[in-house]
There are 2 protein chains.
Amino acid sequence: MVKITDVARHAGVSPSTVSYALSGKRPISAETRARVEASVRELGYRPHAGARALASSKSHVLAIVVPLRAGINVPVVMQFAVSAVTTARAHDHDVLLLTREEGEECLRRVADTALADALIVMDVQLHDPRLPLLRALDRPSVLIGFPADTEGLTCIDLDFKAAGELCVEHLAGLGHRVVGLIGSPPEVYVRQTAFAQRVVQGFTAAAARHGMSSTVHPCEATPAAAHKVAERLLREQPALTGVVVHNEAILEPLLEAFEQLGLRVPGDLSVTALCPDELAANLPVPVTSIAIPTTEVGERAVRLLMRKLEGAPVPQSTLLPPRLTVRASTARRVTG
Amino acid sequence: MVKITDVARHAGVSPSTVSYALSGKRPISAETRARVEASVRELGYRPHAGARALASSKSHVLAIVVPLRAGINVPVVMQFAVSAVTTARAHDHDVLLLTREEGEECLRRVADTALADALIVMDVQLHDPRLPLLRALDRPSVLIGFPADTEGLTCIDLDFKAAGELCVEHLAGLGHRVVGLIGSPPEVYVRQTAFAQRVVQGFTAAAARHGMSSTVHPCEATPAAAHKVAERLLREQPALTGVVVHNEAILEPLLEAFEQLGLRVPGDLSVTALCPDELAANLPVPVTSIAIPTTEVGERAVRLLMRKLEGAPVPQSTLLPPRLTVRASTARRVTG
DNA sequence: ATGAAAGCGCTAACAA
DNA sequence: TTGTTAGCGCTTTCAT
């Protein structure tokens with residue numbers, strides 16, 4: 001293994017000069033720097049991560065906690081993670097993969113052992129048991145998702161309220177007057193996160209603002225439940241012409257149900273969804289949708305951490321604006 | 001930060017005694033050990049990862065390289081990774097997440113900087129450009145997947161040849177005599193990995209062994225292509241009653257195509273697939289299938305690495321036996 | 001602008 | 001069975 005003293009000898013300078021030449025933490029003459037860099041290249045020098053971490057108390061490692069439990073959208077999680085890795089690498093950091101399985105313990109462990117300099121936590125619940133620890137920890141962290149109380153934390157996510165609003169506004173712009181939200185399973189509205197409720201808020205508020213009539217229907221993630229909801233909607237709100245779906249698992253069954261009930265999309269019914277583009281784009285009738293900007297969230301989460309590591313102030317909350325992709329499932333309301 | 005000397009002082013022993021008491025690398029009297037453990041708990045001591053790595057030249061970190069490119073099944077990759085993390089933790093190791101994006105460079109980097117003790121490489125191609133590096137590296141590695149030449153490497157994967165055979169044998173046992181394999185897109189058979197070819201080998205060999213007539217049809221991953229293949233099969237092999245599908249992207253369209261062509265599954269046609277259970281189980285007609293045992297692969301990959309790190313010999317190749325889950329899509333051939 | 005030298009916290013000879 | 005001590009390779013003060 002080639003070490004810094006080898007480089008120093010080869011370049012005819014002292015080890016500290018090599019260190020400074022590489023870190024740029026103090027001025028080095030152009031000539032010396034060139035010699036050092038040549039030696040580094042020639043010898044293939046790589047600083048030993050452990051030694052560097054020990055001496056500088058910076059591991060240059062970020063930890064990311066991914067969820068495992070049911071109901072989690074795996075590709076979405078993976079996209080967060082991959083985006084985080086890519087961004088971290090651009091900032092000369094690596095990413096340690098943790099699962100939630102070990103619980104808070106693992107957060108404490110990587111922090112206390114100085115394995116990681118900072119933490120990214122996904123799958124945040126409203127009253128997440130990890131919050132006290134995250135607030136107390138001496139290392140910076142960023143949450144992907146919003147707990148009930150963000151005080152003392154740094155959180156980032158899609159602005160789900162704005163997403164709910166945007167869907168309604170799109171429908172309003174197309175002349176729709178009666179809209180319904182088909183949401184997540186009832187239990188999601190209590191446990192897990194606030195995002196489902198935020199969608200409802202945005203949806204309801206925007207509908208009211210536009211003088212539209214609106215209803216909300218939680219729905220289990222089964223085709224049968226989707227069918228029942230479709231029937232109920234039709235029965236209870238015959239004037240309904242616009243639907244927002246926030247439940248990706250039943251988007252397809254729902255569309256099938258509408259078809260079987262004789263409702264054409266978008267002829268009779270305009271449908272928008274909150275779901276991955278991949279899903280929305282590949283349905284028989286491609287669906288107008290808003291996706292979670294996973295890549296951007298992952299990237300910005302890392303950038304927030306970097307700023308915190310530098311001691312710079314960061315906003316407590318970052319809400320990313322939703323972007324709606326118009327596809328074939330929404331159309332102007334046919335009046336008459 | 002509480003360090004080993006703090007613990008030593010608190011327990012009234014020397015630092016090395018604390019170290020040995022925790023590592024078990026030399027005998028410690030029960031009494032001393034108890035005192036040390038009490039102090040560790042009381043003070044909340046955690047060894048500094050960097051210091052430990054520097055002194056012992058073991059980082060207790062494994063690196064895993066995940067693929068990003070198109071055509072990759074994200075949930076499958078994620079399952080490998082999560083299983084690897086879980087198993088690594090059980091062996092007191094952590095996992096560093098790398099993306100293939102950086103190429104070989106990142107393998108060299110984590111090895112040279114001693115960030116990771118060992119490597120897990122996924123998405124292995126037949127003539128993977130990383131192979132020379134992996135062979136030359138001073139750190140152990142395990143490949144998930146098989147390149148053309150496994151000499152000097154350690155590889156693990158599902159036994160795809162046996163999987164192809166198992167599908168045919170299942171169909172043979174149900175009385176089918178004419179079978180077809182609907183495979184991956186043509187380009188998969190050249191680039192990427194050997195697994196697609198192995199399935200074909202197993203399929204063909206088993207069919208021959210049972211005196212069955214068999215054909216193979218590569219197929220693009222589009223619904224249109226699926227449709228065309230279904231039509232061709234029907235036209236060219238009217239006696240066909242058994243199908244093996246090794247192309248998860250088109251499994252559903254294919255089943256639809258069969259239905260539209262008037263073929264009932266399993267009444268007229270028995271269908272088996274190589275795909276995730278999740279997919280197979282949730283189709284309109286649940287499909288008899290063989291899944292990649294992702295959890296087992298991930299776990300065993302880590303265990304292989306652990307053995308290599310201990311200096312123990314490990315098999316060059318580990319082929320996991322396929323397990324076929326019988327569902328509604330296969331039935332006894334109706335004769336007459 | 002550069003060098004010398006003192007640690008960073010831990011492990012593992014070497015001693016006793 | 002336990003203690004003493006010399007590093008591991010790097011960063012960073014202090015000195016020049």
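In what follows, chains are A, B, ... by sequence order, proteins preceding strands, each numbered from 1.
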Within the structure shown, what part of the strands sits under 4.0 Å from A:Thr32 by heavy-atom distance: base, sugar-phosphate, or nothing?
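Counting heavy atoms under 4.0 Å across all strands, the contact made by A:Thr32 is with sugar-phosphate only.
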Do side-chain atoms of A:Arg135 reach the backbone of A:Glu151 as a donor and acceptor pair under 3.5 angstrom?
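Yes, the answer is positive, given that a donor and an acceptor are paired below the 3.5 Å cut-off.
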Evaluate the ring planes of A:His60 and A:His93, with Trp represented by its six-membered ring, and classify them as parallel (under 30°), tilted (30 to 60°) or perpendicular (over 60°).
parallel
Do [X] and [Y] sit within salt-bridge range, that is, some charged N less than 4.0 Å from a carboxylate O?
X	Y	value
B:Glu104	B:Arg108	no
B:Arg89	A:Glu105	no
B:Asp6	B:Lys3	no

Using atom [atom1] of [X] as one end and atom [atom2] of [N] as the other, report the distance to the nearest whole Å.
X	N	atom1	atom2	answer
B:Glu31	D:dT1	CD	P	13 Å
B:Leu115	D:dC8	CG	C1'	16 Å
A:Leu43	D:dG9	CG	C1'	15 Å
A:Arg9	C:dT2	CZ	C1'	18 Å

Compute the bend angle of the helix from C:dA1-D:dT16 to C:dA16-D:dT1 from the end axes (five pairs per end), rounded to 10°.
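About 30°, once rounded to a multiple of 10°.
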Donor-acceptor pairs under 3.5 angstrom involving side-chain atoms of residues 20-27 of chain B: please list them, not counting sequence neighbours.
unit_1  : atom_1 : unit_2  : atom_2 : d
B:Ser23 : OG     : B:Ser19 : O      : 3.2
B:Ser23 : OG     : B:Lys25 : N      : 3.2

Taking CD in B:Glu278 as the centre, count heavy atoms belonging to other residues, nucleotides or ligands within less than 6.0 Å. Is the count above 12?
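No - once you tally the heavy atoms of other residues, nucleotides and ligands closer than 6.0 Å, there are 12 at most.
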Quick one, give me the B/S/- string for nucleotides 8-15 of chain C, reading 5' to 3', where B means a protein heavy atom under 4.0 Å from the base and S means that only happens at the primed atoms, P, OP1 or OP2.
BBBSBBB-
Between C:dT2, D:dG3, C:dA1, which nucleotide gets closest to the side-chain atoms of A:Pro27?
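For A:Pro27, the side-chain atoms sit closest to C:dA1.
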Over all atoms of both residues, closest heavy-atom pair of A:Ala63 and A:Val110
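For A:Ala63 versus A:Val110, the nearest heavy atoms are CB-CG2, 4.2 Å.
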